[in-house]
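To keep things clear, I will list the structure first and then write my remarks on it.
In the text below, chain A, chain B and the rest are named by the order of the sequence lines, each starting its count at 1.
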There are 2 protein chains.
Amino acid sequence: MKIETRKQQIINAAATLFKEKGYSAVTMRDIAKSMGIKASSLYNHISSKQDILTTIIISLAEEFTNGMDVIKTSQIDSIEKLKQIISLHISITTSNTFGMSSLNSDWMHLEERLDYYLKLRDDYEENFRCIIINGIKNKEIIDVNPEVMLFSILSTLRSLYLWIPKKEDLKQEELVENLSQVLISGVQK
Amino acid sequence: MKIETRKQQIINAAATLFKEKGYSAVTMRDIAKSMGIKASSLYNHISSKQDILTTIIISLAEEFTNGMDVIKTSQIDSIEKLKQIISLHISITTSNTFGMSSLNSDWMHLEERLDYYLKLRDDYEENFRCIIINGIKNKEIIDVNPEVMLFSILSTLRSLYLWIPKKEDLKQEELVENLSQVLISGVQK
DNA sequence: TAATTTAACTAACAATTGTTAGTTTACTGT
DNA sequence: ACAGTAAACTAACAATTGTTAGTTAAATTA
C-alpha cells in the first residue's frame, strides 16, 4: 500500500508548476519533465490535463465547504466563528500552498465542474456573510457594510497561499493568533 | 487628435480578456476577434503579445510607485498614511479593474521587464513596511508582527479589482471610509 | 514459472499558437 | 488630383499543444 499514488505525485508536480506559471502556461511536457518521464506516460495515471486541474480544485473547495459546515452549526459566538474560519484557511493553506494557487487563479479553466465549483464558492461566501450579519445583530461586530467586511477578510485569507511559504519561521498557531488580532481588532492602537 | 489611440483600444480589449482567462489562455486571435479585426492587423499597432502585457503592467506599477512616493514623504501621521494608501489603491483600481488583474495574476509572464517590475513591487512593499514599523514606534499602531499587518492589508487592497466591479453602487469615497475603518480599526465592536 | 498488471517508452496526429510578408483600401493634407 | 499614411486584409510559416496508438520492460501475483 503506497503512501502516495503515482496520480497524486503527478497532481503535486502539476500544482507546483501551476503556481509558478498558471494552468494555461504549463504544458503536459513541462509536468512530465519535472518528474523525469515523457508526457505520454502521464496518461497511464490521469485522463487529461483538465482532470488534473479539476482534482486539485474540487478537493480543496470541498475541504473548505466541510470546514464551514462545522463552523456554522457550532454553538459559539460570532467572533469565535470568525477565528475558526481564519484557522480553517491557515490550516488548509499550510498543507497545500500549491493547490491553493490553482483554486484562486485557475478556477475559470474548469469545464464540466465549473458550475459545481461556483456553487461551492457562492455557498461558502453566503455562510460567511451570514456569520457577519448575525454578529452585527448580536452587537458583537460593528455596524458597517457587511460586504466590505466579508470582502476584506476573505481577500486576506484567500491570499495566504502567496505568503505562508515565504514566512516558514512563523508557527501556525502564532499566525492564527496574530492574523485574528489584525483582522478582528484592526491595527490601530 | 484622437482621445484613445488604436493601440490603447487594443490594450483595453486585451486587458478585458486577460482578466477573464489570464494572459496565457488569451490568443492574439481572441483579442482581434473582440475588436472585429484579424490577428495580423494588431501588429500595425503593437509589436508583440508581450508588448501588450508589459504596457498594461508597467504603467500600473509605476502609478503605484508614484503614489507611494507622495505618501511616504508627506507630513502626516502613520494612520493617515495608511488611509492614503487605501485611497490610492481604490482610486487606481476603480479606473482600471482589468489591468489590475494582469498586474496581480500575470506579472510572471513579463520577460525583459520582469526584474524592473519586481523591483518596483519590492520597493513598494518596503515603503509600506516602513510606514507600519514607524507607526509601531510612534505607538499609533499595535505592536504585532508587522509582516502580518503588511500582508493582511496589502492582500485586501490587491484583491480590490475582483470586487469593485461587482459593487458599483458603492461610491468611491464611501468605500474608502468603510474599508479604512475595517482595515484600521477591525470589525469587532 | 507463467500470467497479469503497472508504468514507462517512441512516434505520430490534428489543431492551435504568435508572428511575418506582401497587398489592398480609405482617409488626410498639399 | 496626388502623395503619403494608417489600418485593414489574405496567406502562410515553424513551433508547440494535448492526446492517442501501439509497444516494451519490470514488478507483482497466481
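For residues 66-103 of chain B, the ring pair (Phe, Tyr, Trp, His ring centres under 6.0 Å) pairs, not counting sequence neighbours, are B:F64-B:H89, B:H89-B:Y124. Residue pairs satisfying the ring pair (Phe, Tyr, Trp, His ring centres under 6.0 Å) criterion with at least one member in residues 13-38 of chain A, sequence neighbours excluded, are listed as follows: A:F18-A:Y23, A:Y23-A:H109. Residues in residues 25-55 of chain A take part in no ring pair (Phe, Tyr, Trp, His ring centres under 6.0 Å) pair, two or more places apart or across chains. Within the structure, no pair that satisfies the salt bridge (Lys or Arg N to Asp or Glu O under 4.0 Å) test touches residues 104-113 of chain B, not counting sequence neighbours.
Atom C1' of nucleotide C:dC9 and atom CG of A:L42 are separated by 12 Å, given to the nearest angstrom. Taking atom NZ of B:K33 as the reference point, atom C1' of C:dT16 lies 13 Å away to the nearest angstrom. Rounded to an integer number of Å, the gap from A:M35 CE to C:dA7 C1' is 11 Å. Here D:dA6 presents its C1' atom at 12 Å from CD1 of B:I10, a figure rounded to the nearest Å. Distance CD (B:Q9) to P (D:dA6): 16 Å, rounded to an integer number of Å.
Within the structure, every side-chain polar atom (N or O) of A:H45 is placed at least 4.0 Å from both OP1 and OP2 of C:dT6. Residue A:S41 places at least one side-chain N or O under 4.0 Å from the OP1 or OP2 atom of C:dC9.
Within residues 109-117 of chain A, no residue has any heavy atom closer than 4.0 Å to DNA chain D. Interface residues of residues 14-22 of chain B facing DNA chain C, ordered by number: none; criterion, heavy-atom separation under 4.0 Å.
Taking the side chain as every heavy atom from C-beta outward, A:R6 and A:I37 approach each other to under 4.5 Å.
Shown here are the side-chain contact (heavy atoms from CB on, under 4.5 Å) partners of B:M108, two or more places apart in sequence or in another chain: there are none. Evaluation of the side-chain contact (heavy atoms from CB on, under 4.5 Å) rule for B:Q84 yields B:I71, B:I76, B:E80 as partners, not counting sequence neighbours.
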Summary of protein contacts for nucleotides 17-28 of chain C, nucleotide by nucleotide, where a base hit scores B, a sugar-phosphate-only hit scores S (4.0 Å, heavy atoms): BBBBB-------
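Here the CG atom belonging to B:N145 is positioned 10.0 Å from the CD1 atom belonging to B:I132, to the nearest 0.5 angstrom.
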Please test A:K7 against A:D51 for salt bridge (charged side-chain N to carboxylate O under 4.0 Å, His left out), starting from the C-alpha separation and ending with a verdict. CA-CA 11 Å; A:K7 172 165 180 171; A:D51 177 40; 3.7 Å; yes
Please report, to 0.1 Å, the donor-acceptor pairs under 3.5 Å made by any side chain of residues 148-165 of chain A, with sequence neighbours excluded.
{"residue": "A:S155", "atom": "OG", "partner": "A:F151", "partner atom": "O", "Å": "2.7"}
{"residue": "A:T156", "atom": "OG1", "partner": "A:S152", "partner atom": "O", "Å": "3.4"}
{"residue": "A:T156", "atom": "OG1", "partner": "B:S152", "partner atom": "O", "Å": "2.9"}
{"residue": "A:T156", "atom": "OG1", "partner": "B:T156", "partner atom": "OG1", "Å": "3.0"}
{"residue": "A:R158", "atom": "NH1", "partner": "A:E125", "partner atom": "OE2", "Å": "3.3"}
{"residue": "A:R158", "atom": "NH2", "partner": "A:E125", "partner atom": "OE2", "Å": "2.9"}
{"residue": "A:S159", "atom": "OG", "partner": "A:S155", "partner atom": "O", "Å": "2.8"}

Let me check something: any side-chain donor-acceptor pairs from residues 167-189 of chain A under 3.5 Å, sequence neighbours excluded? List them with distances.
{"residue": "A:K167", "atom": "NZ", "partner": "B:E147", "partner atom": "OE1", "Å": "2.8"}
{"residue": "A:S180", "atom": "OG", "partner": "A:V176", "partner atom": "O", "Å": "2.7"}

Applying the Watson-Crick and G-U criteria (both distances under 3.5 angstrom) with [ ] for crossing and | for other-strand pairs, one obtains for DNA chain C ||||||||||||||||||||||||||||||
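With hydrogens and angles left out, the side-chain atoms of B:E62 and B:Y116 include a donor and acceptor closer than 3.5 Å.
No donor-acceptor pair under 3.5 Å is formed between the side chain of B:S105 and the backbone N or O of B:S102.
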